[in-house]
4 protein chains.
Amino acid sequence: MALDARLVRTRAALTAALLALLEQTAFDQITVRQITRTAGVGYATFFRHYPDKQALLNDLAAREIRDLLELAAPVLFASDSRAACLALCRFVDSHRTLWSTLLTGGAATTVRAELLVGAGRIAAARPGADDWLPADLKVVWAVGGVIDVLTWWLRQARPYGYDRIGEILDRLVVGPMTAGPVTRRP
Amino acid sequence: MALDARLVRTRAALTAALLALLEQTAFDQITVRQITRTAGVGYATFFRHYPDKQALLNDLAAREIRDLLELAAPVLFASDSRAACLALCRFVDSHRTLWSTLLTGGAATTVRAELLVGAGRIAAARPGADDWLPADLKVVWAVGGVIDVLTWWLRQARPYGYDRIGEILDRLVVGPMTAGPVTRRP
Amino acid sequence: MALDARLVRTRAALTAALLALLEQTAFDQITVRQITRTAGVGYATFFRHYPDKQALLNDLAAREIRDLLELAAPVLFASDSRAACLALCRFVDSHRTLWSTLLTGGAATTVRAELLVGAGRIAAARPGADDWLPADLKVVWAVGGVIDVLTWWLRQARPYGYDRIGEILDRLVVGPMTAGPVTRRP
Amino acid sequence: MALDARLVRTRAALTAALLALLEQTAFDQITVRQITRTAGVGYATFFRHYPDKQALLNDLAAREIRDLLELAAPVLFASDSRAACLALCRFVDSHRTLWSTLLTGGAATTVRAELLVGAGRIAAARPGADDWLPADLKVVWAVGGVIDVLTWWLRQARPYGYDRIGEILDRLVVGPMTAGPVTRRP
DNA sequence: CTCTAATCGAGACGGTACGTCGCGTCTTACG
DNA sequence: CGTAAGACGCGACGTACCGTCTCGATTAGAG
């Protein structure tokens with residue numbers, strides 16, 4: 001059952017190498033050779049663990065995304081959306097470097113797609129009330145909005161506190177979905 | 001002043017070919033050879049017009065994006081945001097195939113980035129009131145939201161009317177920026 | 001009969017340009033574009049005068065070679081071979097730059113072949129006595145030897161006088177063909 | 001120390017392929033793709049072994065030329081020049097196909113240059129007596145003469161025996177260098 | 001503590017696409 | 001309305017990377 005120690009070590013090295021490279025370069029521009037050299041691993045060894053580059057990225061992202069979605073799901077349906085948003089931002093804040101890489105680095109497209117799929121699956125399981133907003137647009141909207149705000153946040157040099165972003169998220173993303181028709185400030 | 005007729009013809013052929021291919025394949029997967037074959041043009045000829053694949057896409061996207069932004073700009077600042085949203089959607093609707101390709105095809109990332117830059121430039125020229133929402137996040141948010149909704153829209157098999165999407169846009173994107181703090185429906 | 005004046009001018013320009021370039025570069029490395037630019041002539045114009053690069057070189061070389069052969073022929077058959085050799089060298093000396101280019105530049109192979117053909121034709125017309133040396137080898141030998149010596153001569157920084165080379169030619173090339181079996185110096 | 005077996009096999013295949021093609025085509029007209037296809041080797045693989053076409057030819061020629069020069073050197077300096085010439089011709093005769101390709105095929109220019117360099121190096125090591133014939137001209141002359149005669153020989157349909165050519169070589173090339181001033185047959 | 005099988009490094013290899021260059025043709029705009 | 005300029009199709013170049021493969025050389029973990 002327990003995996004060979006070398007196996008674990010090599011995969012960790014590859015994952016770490018990809019993350020390191022993603023901080024500098026777009027995913028598409030990274031070559032397998034760069035990854036293996038950075039990881040201090042033989043070139044062919046890469047393919048003994050992953051069928052290709054994309055598989056490594058997926059493996060890497062999938063784990064984190066699964067965790068994030070467990071926190072993000074309530075954002076869509078929670079009764080207390082503000083608390084949910086705050087929890088979400090606190091999670092991202094505590095994995096700041098990783099998520100910074102995932103969202104602002106070259107993997108953004110993959111992560112966005114992966115998140116959409118995950119969120120869609122969750123939403124499908126909880127059919128919401130019939131609404132002025134189609135259900136799947138709701139998902140696209142929520143995921144897109146969250147990613148946009150988080151990406152912006154993680155790009156800031158002196159970042160805002162997670163509580164402030166949580167509040168912004170709540171107002172920008174959740175608000176208009178639950179709120180009634182637009183009402184202007186006086 | 002007038003350009004050589006062959007020059008115009010070739011560039012048009014290349015642009016059309018790329019668009020055609022983008023409907024089927026992700027931009028990164030398209031090869032220059034596919035483009036030139038589709039365009040009925042010699043391989044090397046491509047490089048006499050564009051330094052590389054990306055340049056052709058940029059050239060193609062930049063034109064449409066410029067037009068779109070002239071319509072989209074008011075969305076951020078118009079007093080009558082609903083009318084602005086409707087105009088925006090009507091424009092996209094009347095170039096449906098093209099924008100469908102640009103947003104749902106392989107060029108999405110480029111178009112998003114390009115739109116962000118353009119919108120950022122416009123926004124910078126009009127310093128808004130100091131707000132609970134940072135100015136650049138506002139831009140990211142608005143552009144991201146518009147793209148997300150439009151992308152979803154263009155992906156629908158039997159699309160909604162542009163007027164309905166315009167209203168959704170107004171409520172989802174513009175609403176929370178101009179509205180006061182979240183107010184729940186009773 | 002009289003050729004168009006422009007025609008003559010263009011051909012002269014092309015010929016001169018090729019010669020100029022041959023001083024620096026091997027013939028194979030010279031491009032038609034270089035030639036036309038150097039000649040101050042449109043690219044396509046080249047092909048209105050010569051079917052390709054080689055044709056220009058042939059045209060250029062053929063004329064000089066014809067002249068040279070009229071002097072060189074006697075070398076093979078003259079009763080006074082020394083005088084013939086001297087005449088040959090005097091001719092080359094008086095066209096030193098041109099022949100320097102032809103023999104030490106990139107056209108050497110062509111010139112050698114062209115000379116062989118010319119000399120062969122002359123030799124065929126004058127069937128020599130049956131000999132220990134096959135007639136066609138005689139031609140190859142004589143032409144090769146003359147070219148080798150001349151090439152070496154033209155490459156010298158401070159060249160020998162043409163009279164000295166004439167004498168060397170006589171001893172090296174003509175001597176063994178006319179002389180009896182090898183006789184060593186005591 | 002021992003080279004990878006695949007490496008050896010591939011290089012041998014490439015060398016053989018080039019030789020085969022050289023029998024039909026001038027070196028300049030041969031493409032790397034022809035070579036690799038003939039060798040049954042991937043195109044890019046060629047460049048893992050040789051920086052370009054010329055390098056393969058050099059590699060191929062250099063080996064044979066080294067062997068030849070070890071036999072040819074005595075021609076210049078041997079006391080018994082006739083025996084040396086015979087040995088030289090016997091060597092070429094026993095590698096007839098290869099040398100036929102090298103001298104009468106498209107590689108002639110390269111081989112001639114390569115031979116000149118090699119012979120020059122050997123001659124430089126043995127400063128000869130001060131002579132009426134400059135030392136370096138002597139080398140040019142000897143190498144050129146040997147090549148001319150051998151080339152002619154190898155081109156003959158029904159070739160002369162190597163002994164006859166050896167004698168001719170001796171009389172044509174060696175004779176005039178060692179003999180005194182020209183003496184005519186009575 | 002050994003033995004054996006899994007894992008590894010190294011890198012050659014067949015492919016495919018790249019972007020460049022030169023040839024020789026053929027169209028075009030201009031004088 | 002003819003001609004110089006140059007766009008074009010073609011195809012070879014040399015480079016880069018992919019994913020496969022074959023080598024030995026460790027080296028982990030079961031006996």
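These values consider heavy atoms only, across backbone and side chains, with no hydrogens, waters or symmetry-generated copies. Every chain is numbered from 1 and lettered A, B, ... according to where its sequence line falls, protein lines coming before strand lines.
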Inset, instruction - Ignoring backbone atoms, establish whether B:H49 has a side-chain N or O less than 4.0 Å from OP1 or OP2 of F:dA7. - result: no
Legend entry - Nearest-Å distance for atom pair NZ/C1', residues B:K53 and E:dC18: 10 Å
Legend entry - D:I35 CD1 - F:dA12 C1' separation (whole Å): 12 Å
Legend entry - B:R63 with B:D67: basic N within carboxylate O range, under 4.0 Å: no
Inset, instruction - Could you check which of F:dG14, E:dA17, F:dG9 has an atom nearest any side-chain atom of D:V32? - result: F:dG14
Inset, instruction - Tell me what D:Y43 touches on the nucleic acid: a base, only sugar-phosphate, or nothing, going by heavy atoms under 4.0 Å. - result: base
Inset, instruction - Tell me what C:G40 touches on the nucleic acid: a base, only sugar-phosphate, or nothing, going by heavy atoms under 4.0 Å. - result: nothing
Inset, instruction - Using only heavy-atom distances, decide whether a donor-acceptor pair under 3.5 angstrom links the side-chain of B:R6 to the base of E:dT27. - result: yes
Inset, instruction - Find out whether the Lys NZ or Arg CZ of B:R37 is both under 6.0 angstrom from the six-membered ring centre of B:Y43 and within 45° of the ring's axis. - result: no
Inset, instruction - Taking only the side-chain heavy atoms of B:F47 (C-beta and beyond), determine which of E:dT20, E:dC18, F:dT20 contains the nearest atom. - result: E:dT20
Legend entry - F:dG9 phosphate, OP1 or OP2, under 4.0 Å from B:T45 side-chain N/O: yes
Inset, instruction - State whether the distance check finds a donor on one side and an acceptor on the other, under 3.5 Å, for side chain C:Y50 versus base E:dG24. - result: no
Legend entry - Toward the 5' end of DNA chain F, by each residue's nearest nucleotide, B:G42 or D:F46: B:G42
Legend entry - Minimum-distance nucleotide (side-chain atoms of C:A44 versus E:dC26, E:dA12, E:dA29): E:dC26
Inset, instruction - Measure from the side-chain heavy atoms of D:V41 and tell me the nearest of F:dC8, E:dG14, F:dG6. - result: E:dG14
Inset, instruction - Select one nucleotide: of F:dG11, F:dG6, F:dC13, the one nearest the side-chain heavy atoms of D:T31. - result: F:dC13
Inset, instruction - Verify the contact: side-chain N or O of B:T10 to OP1 or OP2 of F:dC8, cut-off strictly under 4.0 Å; return yes or no. - result: yes
Inset, instruction - Output yes when at least one side-chain N/O atom of A:R9 is less than 4.0 Å from OP1 or OP2 of F:dA28, else no. - result: yes
Inset, instruction - Would you mind telling me which of F:dA12, F:dC17, F:dG9 lies closest to the side-chain atoms of D:R48? - result: F:dC17
